[in-house]
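Some notes on the structure that comes next.
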Amino acid sequence: MKNMRRPFSSLPCKLICGLFALGVMSFATQAAKPSKADLIVPGSNIGNTFLGPNGWHYLDRLPLPPISEGHMSQRDYLWISGKPPRVHSLYIHTTANAPLDAKPVDGETIDEIRITSPEFRTGDGLKCGSTYAQILAVFPKIRPGDGRETGIYFDRARGIAFEFEGKPDGDSPCIAITVFPPGLPRLATRQQIDDFIKYHPSLLTD
């Protein structure tokens with residue numbers, strides 16, 4: 001992968017925030033109605049980062065991620081913002097284009113974008129922190145995952161998922177939102193993200 005991005009830790013704080021706003025994460029206060037840069041679109045994008053085979057185009061807009069781990073033809077990218085107990089994360093999963101017969105053949109397809117920042121909203125105003133009841137009113141077809149996906153509720157046809165702390169009741173707040181191509185996804189869970197951080201503790205101390 002040809003990439004001239006500088007390491008995350010070498011970028012000034014203001015520039016980091018600016019790049020996240022250009023790509024996926026933004027830490028500025030947002031208006032009630034999301035702009036294109038703050039909009040979550042099921043099956044399509046979060047902010048200005050889109051699903052699809054042009055993954056490098058969007059990854060190159062972001063600082064070099066502090067975690068980038070590859071396995072087979074797939075890769076996990078993770079960024080962290082803030083300090084405990086207010087820590088937000090951006091997670092992107094990609095698959096190499098070649099096995100997918102996608103072009104460019106040497107590129108990467110973004111097939112999952114997961115955020116925990118409340119600065120991003122759907123067109124109906126749903127965000128991290130929205131309650132299960134509020135989400136169900138807009139996405140009545142969401143259903144719980146199975147097995148390791150405990151706490152994640154999918155609308156598989158529309159390509160969006162909402163994660164909760166276990167089985168939610170009406171007042172349970174959403175802790176993460178993921179967009180993915182419509183169909184049967186493989187999604188990262190909070191446990192997976194926590195495991196990444198556990199084995200990279202400097203993320204929370206640098």
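If you're wondering where the values come from, they're calculated on a predicted model, not measured in any experiment. Computed from heavy atoms alone, side chains included, the values below leave out hydrogens, waters and symmetry copies.
Minimum interatomic distance between P66 and W79 (heavy atoms only, all atoms of both residues): CD-CD1, 3.9 Å. Minimum heavy-atom separation, P53 to P104: O-CD, 3.9 Å. Of all heavy-atom pairs spanning A137 and P140, the tightest one is O-CD, 4.4 Å. Of all non-hydrogen atoms in K36 and N48, the two that sit nearest each other are O-OD1, 3.9 Å. Considering every non-hydrogen atom in both L51 and P181, the closest pair reads CD1-N, 3.6 Å. Among all heavy-atom pairs drawn from C128 and P118, the shortest one is O-CB, 3.5 Å.
Note: the hydrophobic cluster containing V138 also contains I115 (ILVMFWY, side chain heavy atoms under 4.5 Å, direct or indirect links). Hydrophobic clustering (ILVMFWY, side-chain heavy atoms < 4.5 Å, transitive): F180 and V41 are in distinct clusters. The hydrophobic clustering, which links ILVMFWY residues whose side-chain heavy atoms are closer than 4.5 Å, places V105 and L100 apart. Under the 4.5 Å side-chain heavy-atom criterion for Ile, Leu, Val, Met, Phe, Trp and Tyr, I160 and L39 are members of distinct hydrophobic clusters. The hydrophobic cluster containing V87 also contains L78, counting ILVMFWY residues as joined when their side-chain heavy atoms lie under 4.5 angstrom apart, directly or transitively.
Without hydrogens or angle criteria, W56 side chain to D106 main chain gives no donor-acceptor distance under 3.5 Å. A donor-acceptor pair under 3.5 Å is absent between the side-chain atoms of S130 and the main chain of Q134, judged by distance alone.
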- side chain to side chain contact (heavy atoms under 4.5 Å, CB included) assessment of L62 paired with I92: CA-CA 11 Å; L62 298 172; I92 293 176; 4.2 Å; yes
- Evaluate the criterion side chain to side chain contact (heavy atoms under 4.5 Å, CB included) for residue pair Y58 and N45; output intermediate values, then yes/no. CA-CA 11 Å; Y58 301 107; N45 61 286; over 6 Å; no
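Remark: T131 OG1 to F162 CZ distance equals 11.0 Å, nearest 0.5 Å. In this structure, F154 CZ and R143 CZ are separated by 13.0 Å, a value rounded to the nearest 0.5 Å. Between the CD1 atom of I46 and the CZ atom of R114 there is a distance of 10.0 Å, given to the nearest 0.5 Å. To the nearest 0.5 Å, atom CG of residue N54 and atom CD of residue E108 are 11.5 Å apart. Of the inter-residue distances, the one linking I113 atom CD1 with I177 atom CD1 reads 12.5 Å to the nearest 0.5 angstrom. Put simply, CZ on R121 and CG on D38 are 9.0 Å apart, with the number rounded to the nearest 0.5 Å.
A salt bridge (Lys or Arg N to Asp or Glu O under 4.0 Å) check over residues 86-105, counting only residues at least two apart or in different chains, returns nothing.
Annotation: side chain to side chain contact (heavy atoms under 4.5 Å, CB included) contacts of D195 (sequence neighbours excluded): Q191. Listed by chain and number, the residues in a side-chain hydrogen bond (donor to acceptor under 3.5 Å, both in side chains) with R158 amount to none (sequence neighbours excluded). Under the rule for a side-chain hydrogen bond (donor to acceptor under 3.5 Å, both in side chains), the partners of S172 that lie at least two apart in sequence or sit in another chain are D169. By the side-chain hydrogen bond (donor to acceptor under 3.5 Å, both in side chains) test, T109 pairs with N97, sequence neighbours left out. With sequence neighbours left out, the side chain to side chain contact (heavy atoms under 4.5 Å, CB included) criterion links Y132 to L136, I142, Y153, F164, P168.
Between T178 and E163 the shortest side-chain heavy-atom distance does not fall below 4.5 Å. Between H88 and E119, every side-chain heavy-atom pair lies at or beyond the 4.5 Å cut-off. Counting only heavy atoms from C-beta outward, the side chains of C174 and I135 approach each other to under 4.5 Å. Proximity of H71 to D76: side-chain heavy atoms (C-beta onward) are separated by under 4.5 Å at one or more points.
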